[in-house]
Chemist: 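Below is one structure. I have some questions about it.
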Protein chains: 2
Amino acid sequence: MELDERKLTILRAIIQNYLETGEPVGSRTISKYTDLNLSSATIRNEMSDLEEMGYIIQPHTSAGRIPTDKGYRLYVDMLMQDKQAEMDNLRIELNAKSEKLDSILKEAAKVIAVNTNYASMITAPRYRKHRIKFLQLTQVDPESLLTVIILDGNIVKNNLIHVEEDLTQETLLKLNLMLNTFLQGLDLQEINASVIQKIRTESGGYSSLISEILDVIATSMESEEVEAYTSGSTNIFKYPELNDSERASGLLNALEEKKQLTELMYQEGDSDRGIQVYIGDESPLEATKECSVVTATYHIEEGVYGKIGIIGPRRMDYEKVVGTLKRLMSELDQIFKKDKQ
Amino acid sequence: MELDERKLTILRAIIQNYLETGEPVGSRTISKYTDLNLSSATIRNEMSDLEEMGYIIQPHTSAGRIPTDKGYRLYVDMLMQDKQAEMDNLRIELNAKSEKLDSILKEAAKVIAVNTNYASMITAPRYRKHRIKFLQLTQVDPESLLTVIILDGNIVKNNLIHVEEDLTQETLLKLNLMLNTFLQGLDLQEINASVIQKIRTESGGYSSLISEILDVIATSMESEEVEAYTSGSTNIFKYPELNDSERASGLLNALEEKKQLTELMYQEGDSDRGIQVYIGDESPLEATKECSVVTATYHIEEGVYGKIGIIGPRRMDYEKVVGTLKRLMSELDQIFKKDKQ
DNA sequence: TGTTAGCACTCATATTGTTTGAGTGCTAAT
DNA sequence: ATTAGCACTCAAACAATATGAGTGCTAACA
């Protein structure tokens, strides 16, 4: 059987109607909804065909039709081809007060959630390989030493170390110089035994201190727990089909744990395939089998990127979601570009 | 009417039974449950009295009784008097891998949530008045300057500032020295116009840089958004009485926003009254009117403390909750003490 | 005087049956 | 190829009924 123009029109009409109402849509509705001027009976025949082809389904014998995942998929693919979703009058404004990355991200997650009425999650950029850009030890008070580690992309990490021995200003300077000399530009793998050995001999003593510093560096760099922020998790209560306590609980749990979702978003790794849509069962995550997940990638610099995800019901307003995401991306890009120059 | 020993026993039995089952408890149940060896009829009489006194209530004419807030209050107060909740065999173990404050707190929230099966929230310690302990500017690369600000209690804040002018190592040293001289030990209020004026004249030029630095300092210090972490929000689905979507949504929202809850926890400010219990309407928060909130305070050093909160249904297992909190407190105390020495 | 047995009464909940209406599939006519 | 008409299905809404846990009250009892 062939999926001709008319069938497509009807399918689109069914889906759009279902997106709005969340109720199965019947033939009479479509007969009036579209400008095809066809009677409900004709529509019924077409619907019957569409069902046979697997794009729609009846939840029970005498109900209207609802789209299957396959139907949604077709619809979304058509949407995506539609050139760019015209930048409409969405007012997305990031109130990035401070320029701190984390507050920008939190704000971004919130903006998305508020604008779309779905749940959102955003991850901090993940670096392929962290490299040390700069290192500094500073004596804060007689007992504590502050270590500041700056990684590629200006990620700043700091830790306080307790020290017993009193270090002179001079020693510190020497240590700083030495550490930077040996470690600058290295990633975690490259800090191997031989490098460490060199540092040890070079430093002459302070062995326990050095160990502690290296420890701190290691944990700072390997911290592969990507930071992630969620917003609007309670939006899911707005959609009756997610509203039973079992599902809601599972979903909220996923949003709280973040880990699984992060994996999902990063699963196709480095690819910058722009916007990805997972409809229902297409998602590998148990918790989101009844949902759709839309993910997008934002870039900070070459090879440094983070992800945004939107989670909502299957019948999410894909057009709006994709539009909103695109807007936000360009907004983020601008912020980071400004940040760079 | 008098609240004699027997009435108390019966009340306690009612509450305990209700805590377990969540169902209204009838006279026959109590008659068998307690070792008072009284018939259900007698119990009925007593219950009638207890109801008149306002400790219990019938949800509808022919149902068993459930405790009122007043009843819970009495029960909780009795509990609290019971010396210390004997340190039972709760296995609370903080896997504080890193010694970073935030990961300790996240872990603590999780431990609480897992152990009690309620939702938990923990706030990072709030300082009465932040004072500057130490300041440092460092050139990271030709365009960016790292400012590290260490506040009382070793809170480290850092920011990157973009600079156009190229600063010599010397200038930086001078600026560092100067800033520390003028600002060390001050809180935000004390950094007034006259101090700023002095810094400006002393620095000779770099006016825009100085402004930027002062800005950064101000935002770092006033950031009165107390960090807060939640865990186990989805536990609330385990209690049918909170499980309708309206309530659940409100609660989860409160847990997501965190702000209101933080205010609740800090509302009696500095007082270290140990463990506080808000039962139902006693809480000023709309979202938690159907819940109980138990809060506790942990101390890092004199005047520096944070809060932990547990949110669950009215019929929460107060005994367990209080016990768990006490355990956790001592655990935290130890960690921070070790951290100090 | 406190306790108990007995009984009529209440009312939420569960069960069952009935009605309604949206929606379908099929067939015959256009 | 399209449409009108009709019988059929079934979820959802509603009503009527049964069930049973639990109460309050009274009268008997220790």
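Numbers restart at 1 for each chain; the letters A, B, ... are given by sequence-line order, proteins then strands. Here the structure is a predicted model, which is why all the values come from computation and not from measurement.
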Chemist: Look at the side chain of B:Lys106 and the backbone N and O of B:Ser231, then say whether any donor-acceptor pair between them is shorter than 3.5 Å.
Modeler: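 No; judged by distance alone, with no hydrogens or angles, the pair does not exist.
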Chemist: Could you state the CD1-P distance from A:Ile43 to D:dA4, rounded to the nearest angstrom?
Modeler: 12 Å
Chemist: Can you check the B:Lys7 NZ to C:dG2 P distance for me, whole Å?
Modeler: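 Rounded to the whole Å, the gap is 10 Å.
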Chemist: Examine A:Tyr55 together with A:Tyr75 and report whether their ring centres are nearer than 6.0 Å.
Modeler: no
Chemist: Output yes when B:Glu2 and B:Lys7 qualify as a salt bridge under the 4.0 Å nitrogen-oxygen rule, no when they do not.
Modeler: no
Chemist: Take atom CD of A:Glu23 and atom P of C:dG21, then tell me their distance rounded to the nearest Å.
Modeler: 17 Å
Chemist: Compare side-chain N and O positions of B:Ser39 against OP1 and OP2 of C:dT4 and report whether any pair is under 4.0 Å apart.
Modeler: yes
Chemist: Atom NE2 of A:His60 to atom P of D:dT9: distance rounded to whole Å?
Modeler: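 In whole Å, D:dT9 P lies 14 Å from A:His60 NE2.
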Chemist: Distance check needed: C:dT3 C1' versus B:Ile10 CD1, whole Å only.
Modeler: 12 Å
Chemist: Rounded to whole Å, how long is the line connecting atom CZ of A:Arg6 with atom C1' of D:dA1?
Modeler: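 For the pair A:Arg6 CZ and D:dA1 C1', the rounded distance is 8 Å.
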Chemist: Taking NZ, NE, NH1 and NH2 as the nitrogens, is one of them in A:Arg73 or A:Asp77 under 4.0 Å from a carboxylate oxygen of the other?
Modeler: yes
Chemist: Take atom CG of B:Asp4 as the centre, draw a 6.0 Å sphere, and report whether it contains more than 12 heavy atoms from other residues, nucleotides or ligands.
Modeler: yes
Chemist: Decide, yes or no, whether a salt bridge links A:Glu241 with A:Arg247 under the criterion of side-chain N to carboxylate O below 4.0 Å.
Modeler: no
Chemist: How does protein reach along nucleotides 17-30 of chain D, written 5' to 3' as B (base within reach of a heavy atom under 4.0 Å), S (only sugar-phosphate), or - (no contact)?
Modeler: ----BSBB------
